[in-house]
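Below is one structure, written out as structure tokens, with a few remarks after it.
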Amino acid sequence: MYTLLNEDGMAKRGTLKTVHGEIQTPVFMNVGTAAAIKGAVSTEDLRNIKCQVELSNTYHLHLRPGDEIIKKIGGLHRFMNWDKPILTDSGGFQVFSLTALRKIKEEGVYFASHIDGRKIFMGPEESMQIQSNIASTIAMAFDECPPYPATREYMMDSVERTTRWLERCKKEMKRLNSLEDTINKHQMLFGINQGGTYEDIRIEHGKRISEMELDGYAIGGLAVGETHSEMYRILDAVVPSLPRNKPTYLMGVGTPENILEAVARGVDFFDCVYPTRNGRHGHVYTNYGKLNLFNAKFVLDDRPIEEGCKCPACTSYSRAYIRHLLKAKEMLGMRLCVLHNLYFYNSMMEEIRAAIEDNNYDAYKMRKLETIKGGV
């Protein structure tokens with residue numbers, strides 16, 4: 001159940017009660033594609049850096065180790081020793097990203113595995129079955145993420161198919177949640193709004209899926225090549241067409257700036273690989289801009305990545321030491337940068353929640369955007 005605690009303009013402060021605990025929103029979900037955060041980050045680390053929700057990938061877990069294996073072990077929570085909420089995406093994004101390896105039909109999608117080339121079929125029912133085996137807290141509906149740019153005709157056909165698939169997902173999840181051997185009989189389902197950069201298609205699709213009474217609503221198909229201003233224009237158009245009393249999730253976004261702007265437009269769930277991917281390349285976020293720790297200027301810098309930060313990296317190590325680790329290709333260097341970046345994101349979400357509670361979000365957003373523009 002989602003409870004709206006406060007509204008500050010379009011910005012929402014809420015809670016989502018789940019079978020695996022309560023999620024405070026707005027929230028940034030930490031991405032662990034194959035049931036682990038890249039950069040040697042453990043689930044114990046996630047607890048220490050204030051992670052609320054871990055996100056894993058249905059497609060990748062289906063291929064390796066296999067969702068049937070995860071079910072036999074007792075579900076993904078037990079498998080990876082994580083007792084808080086987990087969201088699994090549906091595999092739909094791979095329809096978009098594995099263009100050369102797939103064929104889309106009404107019944108679903110035929111894939112060739114990127115690992116060994118074996119043929120795979122995934123439709124709405126199969127996606128729901130895999131996610132039920134994984135036993136995640138929140139399952140995402142199976143959709144098509146259309147390419148950018150796409151013609152209006154292609155987009156309309158794609159969105160119609162995604163709507164039909166969503167109806168099948170809802171029906172199949174209801175069936176799965178009623179089965180005796182289902183691990184998580186309270187699995188939630190989020191539907192996905194599509195429509196590219198066509199405002200009218202987005203709005204109409206938002207209204208249609210809102211009528212389905214789902215547990216939450218995601219906005220997909222953004223951050224795939226369009227400009228930031230185009231993304232914000234679409235959010236301005238489509239968010240009002242989605243239920244205010246349900247979570248709104250902007251998939252795959254984004255930078256701190258993107259999150260700050262999207263919260264102001266009514267979004268309250270986020271995920272992105274930026275903090276982990278950038279961290280593995282020595283790029284770290286601070287309240288005074290992003291730093292590249294490979295830069296020679298840090299060779300004798302005995303300060304932490306950011307003064308006052310309470311993350312595991314900043315409380316124990318200097319910029320100079322972390323730079324040395326990165327240059328020496330020691331895994332610890334990447335790990336410390338990833339931990340810092342995730343802590344920065346999770347702490348920023350705490351600040352966002354506090355600002356909305358205080359009805360001070362616009363002022364907070366302006367200050368934050370001003371300070372994080374710097375960096376070297």
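FYI, side chains are in, hydrogens and waters are out, and symmetry mates aren't considered; it's all heavy atoms of this structure.
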Can you establish whether the number of heavy atoms outside [X] located under 6.0 Å from its atom [atom1] is more than 12?
X: Arg233; atom1: CZ; answer: yes
X: Leu300; atom1: CG; answer: no
X: Tyr2; atom1: OH; answer: yes
X: Met156; atom1: CE; answer: no

Begin with the C-alpha distance, continue with both residues' side-chain angles, and end with the deciding distance and a verdict on ring pair (Phe, Tyr, Trp, His ring centres under 6.0 Å) for Phe121 and Tyr110. CA-CA 5 Å; Phe121 172 76; Tyr110 293 86; 4.8 Å; yes
If you draw the axis of the six-membered ring of Tyr343, does the NZ or CZ of Lys310 fall within 45° of it and under 6.0 Å from the ring centre?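 Geometry flag: not set, cation outside 6.0 Å or 45°.
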Decide ring pair (Phe, Tyr, Trp, His ring centres under 6.0 Å) for His205 and Tyr217; before the verdict, give the C-alpha distance in whole Å, the side-chain angles of both, and the deciding distance to 0.1 Å. CA-CA 11 Å; His205 190 229; Tyr217 294 86; 9.9 Å; no
Phe190 and Phe269 aromatic ring geometry - parallel, tilted or perpendicular at 30°/60° bounds: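 Answer is perpendicular, since the angle exceeds 60°.
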What is the ring orientation for His228 with Tyr232, classed by angle as parallel under 30°, tilted 30 to 60°, or perpendicular over 60°?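 Ring orientation, 0 to 90° scale: tilted.
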Treat each ILVMFWY residue as a node, draw an edge where side-chain heavy atoms are under 4.5 Å apart, and state whether [X] and [Y] are in one component.
X: Met140; Y: Trp165; result: no
X: Ile192; Y: Leu55; result: yes
X: Val41; Y: Leu61; result: yes

Donor-acceptor pair, side chain of Arg168 and main chain of Glu125, under 3.5 angstrom: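 Side chain of Arg168 to backbone of Glu125: no pair is present.
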Between the side chain of Thr58 and the main-chain N/O of Gln131, is any donor-acceptor distance below 3.5 Å?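 Not confirmed, Thr58 side chain does not pair with Gln131 backbone.
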Quick one: do His20 and His186 satisfy ring pair (Phe, Tyr, Trp, His ring centres under 6.0 Å)? Show the steps, please. CA-CA 10 Å; His20 297 116; His186 303 282; 9.5 Å; no
